[in-house]
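The shown structure was predicted, so the numbers you read here are calculated from the model rather than taken from an experiment. A note on names: the letters A, B, ... follow the listed sequences, proteins ahead of strands, and every chain is numbered from 1.
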Amino acid sequence: MLEAVGVKLRDLVHPGKLHLSELKGRRVALDAYNMLYQFLATIRQADGHPFTDAEGRVTSHLVGVLYRTASMLERGVLPVWVFDGKPSDLKSSTLRARAMVKEKAQRAWNEALAAGDLETARKKAAQTSRLTREMVADAQAVLSAMGTPWVQAPSEGEAQAAFMAEKGDVWAAASEDYDTLLFGAPRLLRGLGSARSASRGDDAEVEFLEVGKVTQELGISREELILIGVLIGTDFNEGVPGIGPKKAMKLVAEHQGWEATLQKAGVDPTGLDPVRDLFLHPATTEDYHLQWKAPDTAKVLELLVTGHGFGADRVQKVLDRLPKSAPSSGVQTSLEAFG
DNA sequence: GTGCCGGC
DNA sequence: GCCGGCACG
């Protein structure tokens, strides 16, 4: 995707592939903000403007939520969307940097529009995506109406998704960010979105990473994987100038431990202890109930059609595709039977 | 993101 | 049938 955020582990890991059909009957925790930002970046008009309703409120993310949730349920996959809570203080400089990138992209978007360069306009517009509280609340309301559970993470959604996967409440976490592995997710799915062929009925493939295999292949522990992340840089620390994935791996492979490795890399280790602690012991909650219910058709139509001007027959068609066997809450012959 | 239409 | 490209909100 365009916005490469999180730790850059791509050059070190060798992801496997998984057919979507292999996810059938399995619960998957979706990094909601990660998905919503992807929708906002992708679901735009030619000039870069996102979809909006008659009141000018952005709806692109709702299009994504509707179709993504429906297509997963239709395939027998049980999605649970995990939303970010309050970001860690350690993330503030990353967030500031992202805000600046957005402002710069906004200016470039305006310039490209003025110049009539639609291709650049759309590209730059994709980088300006913002999520408001109202947009998040809208997405959550649609999910609830669809009978699909969502979880409010205390802080990082990825950390919460990783926790749920570790506990076995879900089979895997889905995010484009490798940070999810540092947070201890045993299984990570990437590229859930880039499966265009999926919509043509194919059994598309997604990237599949197991933290156990990653560490085994690299011959390191999970803490050493975190150390690699810290050396390269994560959303929670800057990283060491001049050290990329290769050099970080080389340093860590000497197995000298956290302090000695960081010292050798020329940084003060003590300042980075909070980053390690964040990855090893992130804020999580057990306050969630995973239950997949039959969609409340009238509610979905009210939210999207009445509330946001979606085409009624379009939404109805999506609803018609959803598994109908899903009963109301508490009944055991539910979609629970799939998972 | 995904459906759908119309061209081959 | 398959595939590119537009439409959707």
Side-chain angles (χ1 to χ4, degrees), chain A residues 1-3 19-21 23 28 30-83 109 118-119 121-123 125-132 134-143 145-146 148 150 174-177 189-207 295 297 299-323:
Chain A
M1 282 277 101
L2 289 163
E3 199 175 352
H19 287 281
L20 284 178
S21 61
L23 294 176
V28 177
L30 308 180
D31 179 352
Y33 271 51
N34 192 271
M35 302 285 161
L36 294 185
Y37 274 113
Q38 277 185 258
F39 297 153
L40 287 171
T42 319
I43 306 175
R44 285 175 183 268
Q45 305 172 70
D47 64 358
H49 284 101
F51 287 5
T52 54
D53 62 19
E55 277 80 60
R57 295 174 298 196
V58 173
T59 53
S60 294
H61 62 307
L62 301 180
V63 176
V65 165
L66 175 72
Y67 282 113
R68 176 62 60 79
T69 303
S71 84
M72 292 187 87
L73 290 173
E74 195 182 18
R75 289 163 182 280
V77 188
L78 300 173
V80 43
W81 295 67
V82 183
F83 289 82
W109 179 17
L118 283 186
E119 198 183 327
R122 203 178 192 287
K123 203 179 291 178
Q127 299 172 32
T128 65
S129 306
R130 282 171 217 276
L131 265 179
T132 65
E134 192 185 9
M135 288 164 70
V136 171
D138 276 349
Q140 291 170 341
V142 170
L143 287 170
M146 292 181 82
T148 295
W150 55 270
S175 174
E176 298 314 299
D177 292 357
L189 301 171
R190 295 183 72 246
L192 219 52
S194 44
R196 168 67 156 122
S197 51
S199 65
R200 299 198 193 267
D202 296 359
D203 188 11
E205 287 182 327
V206 292
E207 261 186 51
T297 305
K299 187 73 188 166
V300 175
L301 289 169
E302 182 198 321
L303 286 168
L304 294 178
V305 180
T306 315
H308 290 295
F310 280 50
D313 42 0
R314 219 175 244 270
V315 177
Q316 187 61 55
K317 207 161 274 181
V318 173
L319 290 168
D320 289 343
R321 278 171 29 209
L322 298 181

Salt bridge (Lys or Arg N to Asp or Glu O under 4.0 Å) with [X]: which residues, sequence neighbours excluded?
| X | value |
| --- | --- |
| A/R190 | A/E207 |
| A/E55 | A/R57 |
| A/R314 | none |
| A/K317 | none |

Discussion item. Could you check whether A/S21 and A/D203, counting side-chain N and O atoms only, form a donor-acceptor pair closer than 3.5 Å?
Written reply: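 The answer is yes; a qualifying pair exists.
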
Anything under 3.5 Å between a donor and an acceptor, one on a side chain of residues 134-142 of chain A, the other on a protein residue two or more places apart or in another chain? List them.
{"from": "A/D138", "atom 1": "OD2", "to": "A/H308", "atom 2": "NE2", "distance (Å)": "3.2"}

Output the single nucleotide from [options] whose closest atom is nearest the side chain of [X].
| X | options | result |
| --- | --- | --- |
| A/F310 | B/dT2, C/dG9, B/dG1 | C/dG9 |
| A/K317 | B/dG3, B/dC4, C/dC8 | B/dC4 |
| A/S71 | B/dC4, B/dT2, C/dC8 | B/dT2 |

Can you tell me the distance, in whole Å, between the [atom1] atom of [X] and the [atom2] atom of [N]?
| X | N | atom1 | atom2 | result |
| --- | --- | --- | --- | --- |
| A/L20 | B/dG1 | CG | P | 13 Å |
| A/F39 | C/dG9 | CZ | P | 16 Å |
| A/L322 | B/dT2 | CG | C1' | 14 Å |
| A/M135 | C/dG9 | CE | C1' | 13 Å |
| A/Q316 | B/dC4 | CD | P | 13 Å |
| A/F51 | B/dT2 | CZ | C1' | 11 Å |
| A/L192 | B/dT2 | CG | P | 9 Å |
| A/L118 | C/dC6 | CG | P | 11 Å |

Fill in: Under-4.0 Å side-chain N/O to phosphate OP1/OP2 contact, A/R321 with B/dG3
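Yes, because at least one side-chain N or O of A/R321 sits under 4.0 Å from OP1 or OP2 of B/dG3.
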
Fill in: Sorted by number, the residues of residues 52-61 of chain A with heavy-atom contact under 4.0 Å to DNA chain C
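Within this stretch, A/T52, A/T59 sit under 4.0 Å of the strand.
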
Item to complete: Hey, can you tell me if A/Y33 and A/F83 have their rings parallel, tilted or perpendicular (30° and 60° cut-offs)?
Response: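 Ring orientation, 0 to 90° scale: perpendicular.
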
